[in-house]
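Take a look at the structure below.
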Amino acid sequence: MDGIELFLLGRTLMKIGEEAMPTETGGVRPVLIVVADLRAHEVTSVGEIATRTGLPQSAVSAAVARLREVGAVVTEPDPRDRRRQLIRHAPALPERVTEVRATPIDSALAAALGTDDEAEVADLVAELERLARRLTPKSLSRLRATDG
């Protein structure tokens, strides 16, 4: 596998993940990118997320607003710079986040594979779970540390 194939696999997996989630209105990708960034950075700001992810600040702000509306994040003024808002995960997971996380990917993966072989799908889900345990959002910071 080369870098292009890995990139295309990532995009395919992203699309399957979007399909597996409960129906959502509006663009979900920026929200997921912000959530992934928040997993790696417990307290951060819109500008920092935009810098790390490459998303426009307006997209990050909109994603944070959506996450705040459902109770997934809280914001507070930065005590060092009152103009800046700090963002962190909410103390308790809101019902919607729990629902999305509990939705299995099996059906979307089976549809993408064009199979109804439950054993094959279960094997692939287990492989993806193994990969996910190894490649977390923090993996990107290690990758970026080697850029030079």
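As a basis for the values below, the full set of heavy atoms in this structure was taken, side chains included, without hydrogen atoms, waters or symmetry mates.
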Which heavy-atom pair separates [X] from [Y] by the least distance, and what is that distance?
| X | Y | result |
| --- | --- | --- |
| A20 | T103 | O-CG2, 3.1 Å |
| E5 | M1 | OE1-CA, 3.0 Å |
| I4 | D2 | N-OD1, 3.0 Å |
| P30 | A59 | CB-O, 4.5 Å |

Same cluster (ILVMFWY, side-chain, under 4.5 Å), L9 and L128:
yes
Quick one: CG on L55 to OG1 on T53, what's the gap to the nearest 0.5 Å?
3.5 Å
Side chain to side chain donor-acceptor pair (under 3.5 Å) with E76: which residues, sequence neighbours excluded?
R88
Are more than 12 heavy atoms, taken from residues, nucleotides or ligands other than L131, located less than 6.0 Å from that residue's CG atom?
yes
Under 4.5 Å between side-chain heavy atoms, chaining through other members, with only Ile, Leu, Val, Met, Phe, Trp and Tyr counted: pull out the rest of the cluster around V43, sorted by chain and number.
L86
Going by the rule side chain to side chain contact (heavy atoms under 4.5 Å, CB included), which residues pair with S45 if we only count those two or more places apart in sequence or in a different chain?
E48, R84
Non-neighbouring partners of T51 that pass side chain to side chain contact (heavy atoms under 4.5 Å, CB included), sequence neighbours left out
none
Only one of L38, D37, V74 passes side chain to side chain contact (heavy atoms under 4.5 Å, CB included) with I87; say which it is.
L38
Partners of E99 by salt bridge (Lys or Arg N to Asp or Glu O under 4.0 Å), sequence neighbours excluded?
R96
Below 4.5 Å, heavy atoms only, C-beta onward: do [X] and [Y] meet side chain to side chain?
| X | Y | value |
| --- | --- | --- |
| V64 | R68 | yes |
| E95 | V70 | no |
| I49 | Q57 | no |

Identify every side-chain donor-acceptor pair in residues 105-125 under 3.5 Å, counting partners at least two apart or on other chains, and give the distances.
unit_1	atom_1	unit_2	atom_2	d
T115	OG1	D117	N	3.0
T115	OG1	E120	OE1	3.4
D117	OD1	A119	N	3.1
D117	OD1	E120	N	3.2

Side chains of R39 and H89 only: does a donor on one sit below 3.5 Å from an acceptor on the other?
no
